[in-house]
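Encoded as structure tokens, the structure appears first; notes follow it.
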Amino acid sequence: MVTGHTRLEQAVRVWLPVGFFLLLALFPFYWMAITSVKPNAELYNRNMMPLLVHNPTLKHYVGLLTETSFLLWTWNTLLVAVISTAISLVLGTMLAYPLARMRFAGAGLIAMTVAAIYLVPQPLLFLPLADVINRLDLGNTLTAVILTYPTMLVPFCAWLLIGYFKTVPKELEEAARIDGASRFQTMRRVFLPLCTPGFISAGIFAFTLSQNEFLYALIFLTKSSVRTVPVGVIAELIRGDVFYGGQLMAGALLGSIPVALIYSFFVEHYVAGLTSGSVKA
Amino acid sequence: MSIRTEPLIGVTRAQPRRRPASLAAWLDREPVFSWLMMTAPILFLAAFVGYPFVYGILLSLQDRPVAHVGTFVGLKNFARDFNDPIFWRVAINTFVYTGVATLLKMVGGLALAVAMNQNFRMKNLVRAVLLLPFIVPTVLSTVAWMWMLDPAFSIFNWFLIALGMPKPGPSWLGNPTLAMASIIVINTWRGLPFYGITLLAGLQTVPPELYEAATIDGASGWQRFRYVTLPLLQPIILIVTLFSVIFTFADFQLVYVLTHGGPQNATQLFATYAFDIGMGAGQLGLGASVALTMLPALALLILALTLYMRRQ
């Protein structure tokens with residue numbers, strides 16, 4: 001009896017607060033999902049209990065995929081995210097390796113500048129950048145965002161990779177150097193293959209950040225055919241008439257799925273990257 | 001352990017010809033290798049961050065309607081900002097938004113971390129699920145909130161009316177105070193998992209012996225939290241808070257999607273106001289000046305954070 005009582009008490013102590021946070025975190029997603037499968041008759045009936053659906057329908061999804069350019073936006077978003085992540089990992093590594101491993105005058109200054117650039121929020125730069133993009137004649141091209149996303153992602157990847165690189169033991173590199181490998185060969189053949197977990201962490205972060213980006217995409221991409229999902233959803237699924245809720249929620253849910261999927265595969269890397277910045281620092 | 005390697009390379013490479021060997025040796029010097037390696041990223045950042053930054057300052061000193069040539073006007077744009085009552089409203093809004101949201105995230109994040117720092121089944125799954133608001137694109141989750149706060153079909157109003165409140169219930173995004181409260185709550189909802197999971201990682205590094213010692217000394221649960229947990233977490237709390245303050249202070253997407261700064265500029269922040277002036281009204285110079293007024297506060301925060309992280 002006593003153990004049963006304390007076990008119950010234990011369960012309440014754990015699941016009452018944790019359950020509260022879970023409910024808070026998940027309710028908006030539940031609301032997205034349930035709204036997206038409600039027929040309009042239920043969606044716009046204010047007397048019906050809104051938490052449940054009686055006659056679920058995929059009508060809004062069909063409408064989203066056939067009447068709007070949603071699939072094209074998804075393709076654009078993935079393309080931009082993959083390319084800008086790749087660019088950022090390469091450029092980030094080129095910054096991080098010397099900063100993590102070499103001793104040279106100016107290293108401290110560069111490291112500080114990289115950290116500072118990472119912390120500069122986009123709203124400080126978007127107006128002059130818009131003018132730069134216009135002058136380069138890149139308005140309404142995916143190149144505009146592929147070039148500008150790495151401005152946030154390169155410093156970010158560099159910063160995360162510096163932390164990771166410093167945790168890798170130096171012995172293998174020293175051995176390679178003794179064997180006569182140049183610094184570049186040592187880095188490429190010996191060091192970088194050891195750092196796959198660091199690249200996965202940085203890559204996932206960069207990928208989710210590019211999927212999340214809104215301001216640059218909003219300014220640079222005004223034609224439907226080049227839009228990314230966040231901009232397309234805001235610009236084209238929110239319409240004047242009342243009956244757009246179902247399709248809007250379907251778009252929000254489908255748009256979240258690529259990020260959520262990638263995240264679920266690499267969640268441990270993600271959490272490791274998230275907490276390394278502040279905990280290990 | 002430290003064995004000089006340069007002479008060895010010199011010997012192995014020197015056999016065929018002399019000049020490439022010395023070039024290879026030169027390329028292998030730490031500063032040369034480092035700067036060559038960093039050239040491409042530094043040039044990229046100089047072109048797409050450094051140049052726009054300087055150009056933004058020049059823009060703010062110009063009268064520059066979109067698609068026209070700018071004329072230099074000195075500090076007139078800033079003078080106009082400081083005489084603009086909406087600008088001051090925006091400044092107050094931004095500070096209220098940042099302050100309240102940061103406080104809520106900090107307290108809620110600590111609570112989340114403490115709740116998660118217990119042993120239970122499926123803990124990793126719960127942690128992964130709790131991070132969802134943070135990883136899902138902000139615009140898309142904000143759209144869900146927009147629907148939850150819809151003037152006609154709000155789920156909250158349905159419950160309030162079911163509980164006896166007269167129809168149509170509160171206008172969440174139409175009433176200035178409620179609109180500000182709404183954007184603060186949604187920002188908190190999105191940022192809280194970041195605080196919680198980072199602080200949780202910090203909590204897990206606290207040695208259990210410290211709690212045992214405190215318990216033996218007769219410390220209550222609250223005292224253990226106050227005198228053991230909090231002091232040890234302080235560095236992490238500081239870093240996470242600085243981070244979150246920087247990005248909340250310059251927030252754009254949430255407000256743009258939910259209220260466009262309305263009603264009557266009640267939720268207008270620096271970033272959305274700069275956008276309205278620069279992009280909406282096409283006054284690039286004036287818009288740049290509004291954005292730049294964020295710089296002093298941001299520069300202080302960024303400097304504090306980079307110095308602090310370096311010291312660690």
Side-chain angles (χ1 to χ4, degrees), chain A residues 14 17-18 21-22 24-25 28-29 31-32 35 50 91 94-95 97-98 102-105 112 115-117 119 121 123-125 127-129 131-132 147-148 151 154 177-178 180 182-183 208 211-212 214-215 219 230 233-234 245 248-249 252 255-256 259-260 263 267 271 274-275 278-279 281, chain B residues 3 5 9 12 28 30-31 33-34 37-38 40-41 44-45 48-49 52 55-56 59 112 115 118 120 126 128 130 132-133 135-141 143-145 147-148 155 158 197-198 201-202 236 239-240 246-247 250 252-253 257 271 274 278 284 287-288 291 294 302 305-306 309 312:
Chain A
V14 168
V18 171
F21 283 113
L22 275 175
L24 187 73
F29 299 111
W31 192 237
M32 251 186 222
T35 307
L91 291 182
M94 291 167 83
L95 272 176
Y97 185 72
M102 303 288 139
R103 269 164 303 154
F104 57 96
M112 284 250 321
I117 291 179
L119 294 171
L124 211 55
L125 296 176
L127 282 169
L129 257 181
D131 209 46
V132 171
L147 275 179
T148 43
T151 58
V154 168
R177 295 282 293 153
I178 292 168
S182 71
R183 287 203 191 276
T208 50
Q211 295 251 328
N212 188 16
F214 180 65
L215 180 52
I219 296 172
V233 164
I234 295 305
L248 182 65
M249 291 300 121
S256 309
V259 186
Y263 165 74
V267 63
V271 173
L274 184 71
T275 50
S278 36
V279 179
Chain B
I3 300 161
T5 56
I9 287 178
T12 48
D28 260 8
E30 284 189 47
F33 172 81
S34 302
M37 203 66 188
M38 297 190 305
F44 173 79
L45 290 177
F48 286 94
V49 180
Y55 181 53
L59 259 185
L112 172 62
Q118 312 181 72
F120 57 93
V126 170
L130 282 174
L132 274 179
I135 66 130
V136 163
T138 314
V139 165
L140 303 181
S141 55
V143 158
W145 279 95
W147 196 247
M148 282 157 66
I155 169 93
W158 188 89
I197 300 304
T198 312
I236 301 175
I239 289 181
V240 176
I246 290 170
F247 289 102
F252 173 81
Q253 15 185 317
V257 171
L284 287 181
M294 287 191 284
I302 292 173
L305 185 51
T306 39
M309 287 189 309
Q312 287 282 301

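All figures in this text were calculated on a predicted structure; none of them were measured in a lab. Numbers restart at 1 for each chain; the letters A, B, ... are given by sequence-line order, proteins then strands. Side-chain atoms are counted along with the backbone in the values below, which use heavy atoms only and exclude waters and symmetry mates.
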Which atom of [X] lies closest to which atom of [Y], heavy atoms considered:
{"X": "B:W147", "Y": "A:G245", "answer": "CH2-CA, 3.6 Å"}
{"X": "B:A40", "Y": "A:L91", "answer": "CB-CD2, 4.1 Å"}
{"X": "B:M148", "Y": "A:P28", "answer": "SD-CA, 3.9 Å"}
{"X": "B:M38", "Y": "A:M94", "answer": "CG-O, 3.6 Å"}
{"X": "B:P52", "Y": "A:L129", "answer": "CG-CD2, 3.9 Å"}
{"X": "B:A250", "Y": "A:P123", "answer": "O-CG, 3.1 Å"}

Nearest 0.5 Å please: distance from the [atom1] atom of [X] over to the [atom2] atom of [Y].
{"X": "A:I117", "Y": "B:T306", "atom1": "CD1", "atom2": "OG1", "answer": "11.5 Å"}
{"X": "B:L140", "Y": "A:Q211", "atom1": "CG", "atom2": "CD", "answer": "9.5 Å"}
{"X": "A:L125", "Y": "B:Y55", "atom1": "CG", "atom2": "OH", "answer": "13.5 Å"}
{"X": "B:I246", "Y": "A:L119", "atom1": "CD1", "atom2": "CG", "answer": "4.5 Å"}
{"X": "A:W31", "Y": "B:W145", "atom1": "CH2", "atom2": "CH2", "answer": "12.0 Å"}

Query raised in the report: Has the side chain of B:E30 got a donor or acceptor atom that lies under 3.5 Å from a matching backbone atom of A:R103?
Result: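 Side chain of B:E30 to backbone of A:R103, a donor-acceptor pair under 3.5 Å: yes, one is there.
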Query raised in the report: Short question: side chain of B:D28, backbone of A:R183 - any donor-acceptor pair under 3.5 Å?
Result: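 Yes, B:D28 side chain to A:R183 backbone: donor-acceptor pair under 3.5 Å.
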Any idea which of [options] has the most non-hydrogen atom pairs under 4.5 angstrom with chain B?
{"options": "A:V233, A:L127, A:I219, A:L248", "answer": "A:L127"}
{"options": "A:T208, A:I234, A:V132, A:V267", "answer": "A:I234"}
{"options": "A:P17, A:S256, A:G255", "answer": "A:S256"}
{"options": "A:P128, A:P230, A:A252", "answer": "A:P128"}

Check: [Y] and [X] side chains under 4.5 Å, non-hydrogen atoms:
{"X": "B:Q253", "Y": "A:N212", "answer": "yes"}
{"X": "A:F29", "Y": "B:V136", "answer": "yes"}
{"X": "A:L95", "Y": "B:L45", "answer": "yes"}

Given that the side chain runs from C-beta out, which part of [X] has a heavy atom under 4.5 Å from chain B: side chain, backbone, both or neither?
{"X": "A:V259", "answer": "both"}
{"X": "A:L22", "answer": "both"}
{"X": "A:M249", "answer": "side chain"}
{"X": "A:V14", "answer": "both"}
{"X": "A:L147", "answer": "both"}

Side chain, backbone, both or neither: which part of [X] has a heavy atom under 4.5 Å from chain A?
{"X": "B:I197", "result": "both"}
{"X": "B:Q118", "result": "side chain"}
{"X": "B:L112", "result": "both"}
{"X": "B:F48", "result": "both"}

Report task. Could you tell me which residues satisfy side-chain contact (heavy atoms from CB on, under 4.5 Å) with B:W158, sequence neighbours excluded, listed by chain and number? Result ->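 With sequence neighbours excluded, B:W158 shows a side-chain contact (heavy atoms from CB on, under 4.5 Å) to A:M49, A:P50, B:A162, given in chain and number order.
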Looking at chain A, which one of [options] has the largest number of heavy-atom pairs inside 4.5 Å, strictly under?
{"options": "B:G278, B:A115, B:A128", "result": "B:A128"}
{"options": "B:L284, B:V143, B:T138, B:I155", "result": "B:I155"}
{"options": "B:V49, B:V257, B:L305, B:I135", "result": "B:I135"}

Query - By side chain to side chain donor-acceptor pair (under 3.5 Å) - contacts of A:Y263 (at least two apart) - result: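 Partners of A:Y263 under the side chain to side chain donor-acceptor pair (under 3.5 Å) test: none.
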